[in-house]
Amino acid sequence: MIAIIDYGAGNLKSVEKAFAFLGYNACITQDKDIISSADAVVLPGVGAFGDAMQNIRKRSLENTISDIIAAGKPFLGICLGLQLLFETSEETPGVTGLGILHGDIVKIPKSNGLKIPHMGWNSIDIVKKDGLFKGIDENPFVYFVHSYYLKPADSSCVSARVDYGSVLDIAVSSKNIHATQFHPEKSGNTGLKMLDNFAKMSLDGGAF
């Protein structure tokens, strides 16, 4: 079973429906026991960094998330769920993130008249062609809605980038942790393939 963490953010049903379409059992839940017993866990999210962290802490889910990742279970962060894995965000100064990965979330720089938020379809450059991106075509188009992006302390975790006025790091892969700034559940067949790759990790004991 794949647990989709419900901490009061939106966009949960679309993730659940995507896994169901692929034939996987996924459950939206706040229950720490269910989350801890799942074969794989998804941290989705839309909205503000500070509000999300407040909700996670209010529901006492911070340690649950850390324990799941430490146990080596496949873990997927989507959009805000990627940002929350890092230490800080310029969106909400003074609020700490989960700090599981080292680095910060920063505002997309204004460049060449490009609009912020970055919204819509863009092709990405895949850096690590395994994990989520196994079997994915070169430079696939995926769907974005974001105003912030990650600045990791160690770029070796970066698995994909996008050129949006400047080159932005927009996906990471580190051991059992996978996360994307874009929305695979809204990215057509390409995104479904990524979610299928993730779900298969739970069937292979976390390895892929």
Tell me, do V142 and N122 make a side-chain contact under 4.5 Å, heavy atoms counted?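 Not touching, per the 4.5 Å side-chain cut-off.
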
Enumerate, atom names and distances included, each donor-acceptor pair closer than 3.5 Å involving a side-chain atom of residues 158-165, sequence neighbours excluded.
residue	atom	partner	partner atom	Å
S159	OG	A171	O	3.4
S159	OG	V172	N	3.2
R161	NE	D169	OD1	2.6
Y164	OH	K115	N	3.3
Y164	OH	K115	O	2.6

Which heavy atom of P44 sits nearest to which heavy atom of I5, and what is that distance? CD-O, 3.6 Å

If two hydrophobic side chains count as joined below 4.5 Å and joins carry through other members, does M194 share a cluster with F75? no

Can you check whether Y149 reaches V106 side chain to side chain, under 4.5 Å on heavy atoms?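 In short, these two side chains touch, coming nearer than 4.5 Å.
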
Side chain of N176, backbone of I69: donor and acceptor closer than 3.5 Å? yes

May I ask you to test the H102-P152 pair for a side-chain heavy-atom distance under 4.5 Å? no

Does the pair F19 and L195 meet the rule for a side-chain contact (heavy atoms from CB on, under 4.5 Å), with working shown? CA-CA 7 Å; F19 281 117; L195 293 177; 3.9 Å; yes

Compute whether any side-chain donor of one residue and acceptor of the other, for T29 and D6, lie under 3.5 angstrom apart. no

Taking only residues two or more places apart in sequence or in another chain, which ones pass salt bridge (Lys or Arg N to Asp or Glu O under 4.0 Å) with K151?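 Result, salt bridge (Lys or Arg N to Asp or Glu O under 4.0 Å) vs K151: none returned.
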
Pairing residues for F144 by the ring-ring contact (aromatic ring centres under 6.0 Å, His included) criterion, not counting sequence neighbours: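 Listed in chain order: H118, H146, F182.
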
Heavy-atom check, side chain of D137 versus side chain of T190, under 4.5 Å: no

OH on Y148 to CG on L80, rounded to 0.5 Å: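 It is 11.5 Å, given to the nearest 0.5 Å.
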
Under a 4.5 Å cut-off applied to non-hydrogen side-chain atoms, are T88 and I105 in contact? no

Identify the two heavy atoms, one from Y7 and one from A52, that lie closest to each other, and give their separation to 0.1 Å. CE1-CB, 3.6 Å

Verify same cluster id: L132, I4 (apolar side-chain graph, 4.5 Å):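 Same hydrophobic cluster.
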
Would a hydrophobic clustering, with Ile, Leu, Val, Met, Phe, Trp and Tyr connected at side-chain separations under 4.5 Å, put I136 with I170? yes

A40: what forms a side chain to side chain contact (heavy atoms under 4.5 Å, CB included) with it, not counting sequence neighbours? I2, P74, F198, S202

Please name all residues satisfying side chain to side chain contact (heavy atoms under 4.5 Å, CB included) with D125, sequence neighbours left out, ordered by chain then number.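 Expected list: N139.
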
What are the two closest non-hydrogen atoms of V95 and M53, and how far apart are they?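 Result for this residue pair: CG1-CB, 4.1 Å.
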
Contact summary for A38 and K73, nearest pair of heavy atoms: O-NZ, 2.7 Å

Under the rule for ring-ring contact (aromatic ring centres under 6.0 Å, His included), what residues qualify as partners of Y143, not counting sequence neighbours? W121

Rounded to the nearest 0.5 Å, what's the gap from OG1 on T96 to CG on L84? Could you check?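 Going from OG1 on T96 over to CG on L84, the span is 11.0 Å.
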
Working for side-chain contact (heavy atoms from CB on, under 4.5 Å), residues I35 and I68: CA-CA 8 Å; I35 295 168; I68 287 163; 3.2 Å; yes

L61 side, atom CG; K32 side, atom NZ - distance, nearest 0.5 Å: 7.0 Å

Verify same cluster id: M201, L22 (apolar side-chain graph, 4.5 Å): yes

What residue pairs, at least two apart or across chains, pass salt bridge (Lys or Arg N to Asp or Glu O under 4.0 Å) with a residue in residues 184-195?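 Residue pairs with at least one partner in residues 184-195: there are none.
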
With salt bridge (Lys or Arg N to Asp or Glu O under 4.0 Å) as the rule and sequence neighbours excluded, what pairs involving residues 76-91 come up?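 Sorted result for residues 76-91: empty, none.
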
Check this for me: K129, atom NZ, are more than 12 non-hydrogen atoms of other residues, nucleotides or ligands nearer than 6.0 Å?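 More than 12 within 6.0 Å, yes.
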
Please report the C-alpha distance between I100 and S66 in whole Å, then the side-chain angles of each, then the deciding distance to 0.1 Å, and finally whether the side-chain contact (heavy atoms from CB on, under 4.5 Å) criterion is met. CA-CA 7 Å; I100 292 166; S66 297; 4.1 Å; yes

Applying side chain to side chain donor-acceptor pair (under 3.5 Å) as the test, list every pair that has at least one member in residues 34-55; sequence neighbours left out. none

Residue list, salt bridge (Lys or Arg N to Asp or Glu O under 4.0 Å) with R57, at least two apart or on another chain: E62

Find the distance between CG (L76) and OG1 (T180) and round it off to the nearest 0.5 Å. 6.0 Å

Mind checking whether I78 and L82 have side chains closer than 4.5 Å, heavy atoms only?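 The answer is no; the side chains never approach within 4.5 Å.
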
Answer yes or no: is there a donor N or O on one side and an acceptor on the other, between the side chain of K128 and the main chain of S173, under 3.5 Å? yes

Residues in ring-ring contact (aromatic ring centres under 6.0 Å, His included) with Y24, at least two apart?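 None.
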
Could you walk me through whether L192 and F21 pass the side-chain contact (heavy atoms from CB on, under 4.5 Å) test, one step at a time? CA-CA 9 Å; L192 288 174; F21 178 81; 3.8 Å; yes

Other than I34, what residues sit in its cluster of Ile, Leu, Val, Met, Phe, Trp and Tyr side chains whose heavy atoms are under 4.5 Å apart, directly or through others?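 Members besides I34, by chain and number: M1.
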
According to a hydrophobic-cluster definition based on side-chain heavy atoms being under 4.5 Å apart (Ile, Leu, Val, Met, Phe, Trp, Tyr only), do L150 and V42 belong together? no

Using side-chain heavy atoms (C-beta onward) and a distance below 4.5 Å, is L98 in contact with F86?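 Contact flag for L98/F86 side chains = no.
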
